[in-house]
> 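Handing you this structure, nothing more for now.
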Amino acid sequence: MKNRKLLMIPGPIEMDPAVLRAIGEVTTSHVAPNFIESFGKSLELMRNIWESPKGQPFIVAGSGTLAMDMAVSNLIEPNENALVISTGYFGERYKNILETYGANVTILQAEIGETVSLEIIEKELASKDYKLLTITHVDTSTGVLTDPKPIAEIAQKHNTLSILDGVCATAGEETLQDNWGIDVVLTGSQKAIGVPPGLALLVVSERAMHVWKERKTNVQNYYGSFHNWLPIMTAYEERRPSYFGTPPVNLIRALEVSLTLIDKEGIANRVKNHIKYANAFRKAVLALGLEIVPKKEAIAANTMTAIYYPKNIDAAQFRKDIADFGVIIAGGLHAEIKNLYFRVGHMGAITKSDIVATLSAIESALEKQNYNFKSGVSVGEFLSNSN
Ligand SMILES: *Cc1c(COP(=O)(O)O)cnc(C)c1O
């Protein structure tokens, strides 16, 4: 038997075998010509996948939270106003990060399973001068998808920078950074990008780089300062050696492989596939009589799904039975509903058979608890909607 379980959580995710092989390659010097090429190529590929030919990409060792931290610590100055548009757990995190750097933070908190309305955002931006706002593209604690396009538009109108936390979205949900005028789109390597955890990835607009250059106060962050990293990114992109902090050589080589795969498939096709599988997966879950956390299909993420347990079920046993079947799913994350729901990631290099196996595991665990449903219904529903 293969000693390996299918990893169907909202990051880290199942990886393409070519990415895993790249991780296992010999570690070269961070200034070796082959590595300089990998780094430079990765920066160029980020521009394609972010759809931001004019943006400035950054690749820095750290998790997605570092990318969140870098975006705001470089752009906000003490006592400036920041608006957090929150659809769950990661909105709260952004509030905490911004407060660390002395920002006056207003948080617009959506009800669980809902998004914040554009009217409320517009009204808030009109009420005072906001330096920046943050949007969580997919909040991993609720599976709610926020459409960043109209929010970025309103932000531009009010001369406010827009920062998109795409940690559970970028390369899985449609993101046209330049076209939509989003100032920072950030993610971590272990989500839809399909690389092991360990890389903070950001693309910053020309406008935001200009705002950073014109700061009156110093960036209150040493490791994450653009002052330290911009010359490094420029050097690698020009295929010159450079050093500030040792880059994670193997991870960046794996990043190059994964970004190349996504680029070859075409980012638009990749997103289309996520939408198709997510739709079919939701139909399958609904066919079992289960409910999802997002209140409307239109705001349900295409990278993951948050699903309420049926009533009267032993949740711990349910998750254990799924794991024993060979599939790893995630429990709840949002504090208020933590014990009421579970989460399934279906992003990146995921295949039809991965999702079929996941649905079979869910059905098998439900059967063990005498939950009433027609056996096989979810797999059937998924297959008839995923062609
Ligand atoms: C996972 C996630 C993060 C945090 O990323 P880490 O790599 O765990 O630091 C931030 N925002 C969102 C939306 C996420 O899904």
Side-chain angles (χ1 to χ4, degrees), residues 7-15 50 58-73 84-98 100 107 109-110 112-113 115-116 133-148 151 162-175 182 184-203 221 223-224 248 251-252 254-255 258 274 278 293-294 299-306 328-335 338 341-348 350:
L7 191 57
M8 300 295 285
I9 64 173
I13 65 169
E14 285 289 312
M15 278 170 274
W50 269 242
F58 290 89
I59 301 171
V60 178
S63 80
T65 305
L66 175 71
M68 295 172 76
D69 184 284
M70 282 179 67
V72 300
S73 61
V84 172
I85 299 161
S86 175
T87 45
Y89 182 93
F90 288 103
E92 280 294 326
R93 174 164 298 182
Y94 236 147
K95 177 172 181 280
N96 295 337
I97 297 172
L98 279 157
T100 302
I107 183 162
Q109 182 68 64
I112 292 172
T115 51
V116 179
L133 63 76
T134 71
I135 309 160
T136 314
H137 204 169
V138 169
D139 198 295
T140 319
S141 71
T142 54
V144 167
L145 170 71
T146 297
D147 182 1
I151 302 176
S162 54
I163 295 173
L164 184 64
D165 172 358
V167 183
C168 197
T170 307
E173 303 283 1
E174 187 178 41
T175 315
I182 309 174
V184 183
V185 177
L186 63 94
T187 190
S189 51
Q190 81 278 23
K191 307 265 172 118
I193 296 289
V195 171
L199 294 175
L201 307 170
L202 310 85
V203 176
N221 177 347
Y223 179 72
L251 274 179
I252 292 174
L255 178 69
S258 197
H274 278 77
V293 175
I299 56 164
N302 297 301
T303 49
M304 61 161 291
T305 302
I328 304 296
I329 55 150
L333 177 63
H334 195 297
K338 196 171 174 25
Y341 75 114
F342 63 102
R343 299 172 300 148
V344 176
H346 36 76
M347 60 187 124
I350 225 73

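Here the structure is a predicted model, which is why all the values come from computation and not from measurement. Atoms within a ligand are numbered from 1 in the order they appear, just like the ligands themselves.
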> Which residue and non-hydrogen atom of the protein lie closest to atom 10 (C) of ligand 1, and at what distance in Å?
F90 CD2, 3.2 Å

> Going through the checks in order, is the side chain to side chain contact (heavy atoms under 4.5 Å, CB included) test met by M347 and H274?
CA-CA 7 Å; M347 60 187 124; H274 278 77; 3.6 Å; yes

> With heavy-atom distances below 4.5 Å as the criterion, would you say the side chains of T134 and I97 are in contact?
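No. Closest side-chain heavy atoms not under 4.5 Å.
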
> Against heavy atoms of T136, which atoms of ligand 1 measure under 4.0 Å?
13 (C)

> Please name the pair of heavy atoms, one in P197 and one in P12, separated by the smallest distance, quoted to 0.1 Å.
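Between these two residues, the closest heavy atoms are CG-CG, 4.1 Å.
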
> Could you tell me whether the side chains of H137 and T170 share a donor-acceptor contact shorter than 3.5 Å?
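Their side chains do not contain a donor-acceptor pair, so the 3.5 Å distance test is not met.
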
> Should you measure from each heavy atom of S63, which atoms of ligand 1 turn up under 4.0 Å away?
6 (P), 7 (O), 9 (O)

> Going by heavy atoms, is D165 under 4.0 Å from ligand 1?
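Flag set, D165 near ligand 1.
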
> For V138 and ligand 1, answer yes if some heavy atom of the residue is under 4.0 Å from a ligand atom, otherwise no.
yes

> For ligand 1, which atoms have a heavy atom of C168 less than 4.0 angstrom away?
15 (O)

> Which residue and non-hydrogen atom of the protein lie closest to atom 15 (O) of ligand 1, and at what distance in Å?
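The answer is T140 OG1, 2.3 Å.
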
> Enter the distance from L333:CG to Y89:OH here, rounded to the nearest 0.5 Å.
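Rounded to the nearest 0.5 Å, the CG-OH separation comes out at 5.5 Å.
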
> Show your working on side chain to side chain contact (heavy atoms under 4.5 Å, CB included) between N302 and E174 and close with a plain yes or no.
CA-CA 10 Å; N302 297 301; E174 187 178 41; over 6 Å; no

> For ligand 1, which atoms have a heavy atom of Q190 less than 4.0 angstrom away?
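Those atoms are 6 (P), 7 (O), 8 (O).
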
> Between T87 and T115, is there a donor-acceptor pair closer than 3.5 Å when you use the side chain of the first and the backbone of the second?
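Not at all, since once roles are kept as given, no pair shorter than 3.5 Å links the two residues.
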
> With atoms numbered from 1 as shown, which atoms in ligand 1 lie under 4.0 angstrom from a non-hydrogen atom of G64?
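Near G64, meaning under 4.0 Å from one of its heavy atoms, ligand 1 has 5 (O), 6 (P), 7 (O), 9 (O).
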
> Atom 2 (C) of ligand 1: which of M68, K191, H137 has the nearest heavy atom?
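Result: the heavy atom closest to atom 2 (C) of ligand 1 is in K191.
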
